[in-house]
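Please read the structure below before turning to the comments.
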Amino acid sequence: MDMNQYLSMFIDESNDHLQSLNEKMLELEASPEDIGIVQVIFRSAHTLKGMAATMGFEDLAALTHQMENVLDLVRNDKLKMQNFIFDTLFKSLDALEAMVQDITQGGEGKEDVTAIVTSLQSIVRGEVPSSDGAAPAAKEAAPQAAASGTPISKEQVQLDEFQYSILQQSLAAGHRVLYIEVSIREDCQLKAARAYMVFDLLERSGEVVKSHPTVQEIEQEKFDRSFSLYFITEKDPEELRSMILNLSEIEDAKLASIDSDTLSQLAQKLELEEASAALETAPSEAAPVEADKALVAEKDKPVATKKVVAAPSRTIRVDIERLDVLMNLFSELLIDRVRLEQLATEIKSQELTESVEHMGRVSSDLQNIVMKLRMVAIDTVFNRFPRMVRDLAKSLGKKLDLVITGAETELDRTVIDEIGDPLVHLLRNSVDHGIESIAERIAAGKPETGTVHLRAFHSGNHVFIEIQDDGKGIDRNKILASAIKKGVVTEDESRTMTDEQVYQLLFAAGFSTAEVISDISGRGVGLDVVKSKIASLGGHVAVTSTLGEGTLFSVQLPLTLSIISAMMIRLGSEKYAIPLSSIVETGIIRKEQVRNVHGSKLIPYREAHIPLMSLSRFFDATDYNEDDEEETEIVVIRKGDRLAALAIDSFIGQNEIVIKNLGKYLPQVQGISGATILGDGQVALILDPNALIK
């Protein structure tokens, strides 16, 4: 079977599983006693292993299998999570991500993971370093090897309560439960490898619930020639037996079906053994009575028999290039629709007008669908940051909380794909430069745990992403001294610079205030890359800071790079478009209502005064001046909680417009976010209200 056709799906699903594993590992680190989280992690790792084995990426499957061994001990309450185990599992996830990345780039997913595998195997053996740094000691949780040569019988494969519950639910759901004994030929030189092939084969057709000897013991060849296991499947037993016997150096395979009655007998035996163990360890005569009560209470507990039915998938993966083509085609359709509306108005044909109106309603619905297809929650970017911040804080010896809000905020897919790296640089800068060391925070009277807020929210036709820390803030004098030393500014220029201008020096190419070069920051690259990338997306980054209290980086991005609703206005002979989402209201202001305060024009607005801006002066419109008018039309625009009024010539009307980039040959024009083609073929510039309001 040609697997290349499934490669793209494998890569996408592997990345999804790895992201889920990282998130759940962080949750488990916060609640190490929550076995429910471990079950989710184990299931995700198990699925990833099966996918990798099916695709033939054996290194990836083998490493995931080693992780499974550790997680299996944890979920069966035979091993307690510790820092060393968390660190090793996180390193394993990093290695798996590197393997998937290599596969994405056309490789075979090879990676040297010898050290990681050795650490995972030592954890399974119980050789986990203690918190005080003492030598590794075997834990009670580590299973002991069965004596070599001991004959294996069904009685030796004992189930615990959790495993019994899984088998019981599987039978209730209509699955087969099999007891399998596999014998390997005497002359086999690699027993563990042959056993792995059997397990790999079985796990493609179902789930192994319990084996004897344990998986770890089998991997270490601590068994004679045979092993046995309980297996859940939907396959026919005879078909499974044939598949097992087709593997090389397998001598025999015996399969027996387990029904509900047999399972009940095993459960009764389990209860008797537990009660017996409780009696043997009883400290007093009262203990047997308590054990009896506990046994009765356990029997009275309702058994969870909830049948889990997988809902059919209602999503499909679509190449982003196809959505781009769809958007471009719809853009052309929209321009033609506007032209038809103008023609219908000029011709004054009732039938044509009605047809165009119906076309307008249908195309509006189509536009909404096309736009929603391209919109993706920013959570797809944010969800990789908790793990990154956790590792950074640990490597720097800092305590840190990352608080994420607004992850459900949606952005155009093209923006989502590009914004990840700039945010990584800003977060690393906040963790490294912003948040102080524990000692410095305590000395400053702050909590030893620093906080970084990562938030996203809509404002008009833009999305704002803010990264705010409660660290030491930005030292203006330190930045200026470094900038003067590097020749970025002169001493004369530095004396007249505002705080905002000083903070923007952080984004100058090659600028850095780090005294020690590290792999986190201080290499003279990073923030200049941030500014250029955000600017290429039509965005802007601003900085505010208070010394000793913290710093706020605010990234402004366009909500979409394609189609918006806009108000068309006229300034003399020129036409402009203002995004409708930034407009609060429109109105008319009389000349005598305009007040001059310290050289700025203000107008009354809802029991307050807001600035009045002259677009004709801003854009040097030669054939219109509002000072010559007794009454002037205004557009009230909003940026966050700040308002301003724009003086214009007249309104044309509301339209759906297609945003076109000005291109790389035109310099970035302040106050302009792009252009659009009107129905009559004319070009109108699109205003950027966020750039007009200071």
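Between Glu203 and His46, the closest side-chain pair of non-hydrogen atoms falls below 4.5 Å. Considering only heavy atoms from C-beta on, Phe90 comes within 4.5 Å of Leu26 through its side chain. Between Val100 and Leu96, every side-chain heavy-atom pair lies at or beyond the 4.5 Å cut-off. Residues Ile184 and Phe223 have side chains in contact (heavy-atom distance under 4.5 Å, counting atoms from C-beta outward). Side-chain contact between Ile250 and Met197 is absent, with no heavy-atom pair separated by less than 4.5 Å. Looking only at side-chain heavy atoms (C-beta outward), Leu73 and Val124 come within less than 4.5 Å of each other. Under the 4.5 Å side-chain criterion, counting only non-hydrogen atoms from C-beta, Phe231 is not in contact with Leu255. At a threshold of 4.5 Å between non-hydrogen side-chain atoms, the residues Leu396 and Val431 count as touching.
Summarising the local packing, CD of Glu239 is surrounded by more than 12 heavy atoms from other residues, nucleotides or ligands at distances under 6.0 Å.
Residues in residues 20-29 take part in these salt bridge (charged side-chain N to carboxylate O under 4.0 Å, His left out) pairs, two or more places apart or across chains: Lys24-Glu27, Glu29-Arg390.
A pairwise comparison of heavy atoms in Thr88 and Ser119 identifies CG2-CB, 3.7 Å as the closest pair. Closest non-hydrogen pair, Gly406 versus Ile378, comes out as O-CG2, 3.8 Å. The shortest heavy-atom contact between Ile85 and Lys80 is CD1-O, 3.5 Å. Of all heavy-atom pairs between Glu97 and Asn22, the closest is OE2-ND2, 2.8 Å. Listed here is the closest heavy atom pair of Ala52 and Leu60: CB-CD2, 3.6 Å. Residue Ile218 comes nearest to Ala192 through the heavy atom pair O-CB, 3.4 Å, listed as atom of the first residue, atom of the second, then distance.
Separating the CZ atom in Phe57 from the CE atom in Met51 is a distance of 10.0 Å, to the nearest 0.5 Å. Atom CG of Leu373 is separated from atom CZ of Arg322 by 13.0 Å, given to the nearest 0.5 angstrom. Remark: Asp72 CG to Leu79 CG distance equals 10.5 Å, nearest 0.5 Å. The CE atom of Met67 sits 8.5 Å away from atom CD1 of Ile41, with the distance rounded to the nearest 0.5 Å. The distance from the CG atom of Asp432 to the CG atom of Leu427 is 12.5 Å, given to the nearest 0.5 Å. Within the model, atoms CZ of Phe10 and NE2 of His17 stand 10.0 Å from one another, a figure rounded to the nearest 0.5 Å.
With hydrogens and angles ignored, the 3.5 Å screen pairs no side-chain donor or acceptor of Ser44 with any backbone N or O of Val40. With hydrogens and angles disregarded, a donor-acceptor distance shorter than 3.5 Å links the side chain of Thr233 to the backbone of Ser205. When atom types are taken as modelled, the side chain of Thr409 and the backbone of Ala456 share a donor-acceptor pair closer than 3.5 angstrom. A donor-acceptor distance shorter than 3.5 angstrom exists from the side chain of Asp102 to the backbone of Glu108, with no hydrogens or angles considered. Looking only at distances, a side-chain donor or acceptor of Asn383 sits under 3.5 Å from a matching main-chain atom of Asp379. With hydrogens and angles ignored, the 3.5 Å screen pairs a side-chain donor or acceptor of Ser211 with a backbone N or O of Pro213. Proximity of a side-chain donor or acceptor of Lys191 to a complementary backbone N or O of Asp224 within less than 3.5 Å is detected. No side-chain donor-acceptor contact under 3.5 Å links Ser14 to the backbone of Ile11. For Arg225 (side chain) and Cys188 (main-chain N/O), no donor-acceptor pair under 3.5 Å exists by modelled atom type.
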Given Phe42 and Val74, is the side chain to side chain contact (heavy atoms under 4.5 Å, CB included) satisfied, shown in steps?
CA-CA 10 Å; Phe42 183 88; Val74 177; over 6 Å; no

Using the rule given for side chain to side chain contact (heavy atoms under 4.5 Å, CB included), can you reason through Val182 versus Arg194, listing the C-alpha separation, both sets of side-chain angles and the distance that settles it, and then say yes or no?
CA-CA 10 Å; Val182 180; Arg194 298 306 169 203; over 6 Å; no

Using the rule given for side chain to side chain contact (heavy atoms under 4.5 Å, CB included), can you reason through Leu89 versus Leu71, listing the C-alpha separation, both sets of side-chain angles and the distance that settles it, and then say yes or no?
CA-CA 9 Å; Leu89 289 174; Leu71 294 167; 4.3 Å; yes

Given Phe86 and Met81, is the side chain to side chain contact (heavy atoms under 4.5 Å, CB included) satisfied, shown in steps?
CA-CA 7 Å; Phe86 277 116; Met81 293 298 292; 3.5 Å; yes

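Side chains of Arg176 and Ser257: no donor on one and acceptor on the other come within 3.5 Å. Side-chain atoms of Asp87 and Asn83 form no donor-acceptor pair, as typed in the model, at a separation below 3.5 Å.
With sequence neighbours excluded, the residues forming a ring pair (Phe, Tyr, Trp, His ring centres under 6.0 Å) with Phe199 are Phe227, listed by chain and number. Evaluation of the salt bridge (charged side-chain N to carboxylate O under 4.0 Å, His left out) rule for Lys254 yields no partner, not counting sequence neighbours.
Between Arg241 and Asp236 there is no salt bridge, since no side-chain N of the basic residue sits under 4.0 Å from a carboxylate O of the acidic one.
Checked options Leu167, Val208, Leu178; the residue passing with Tyr230 is Leu167 (criterion: side-chain contact (heavy atoms from CB on, under 4.5 Å)).
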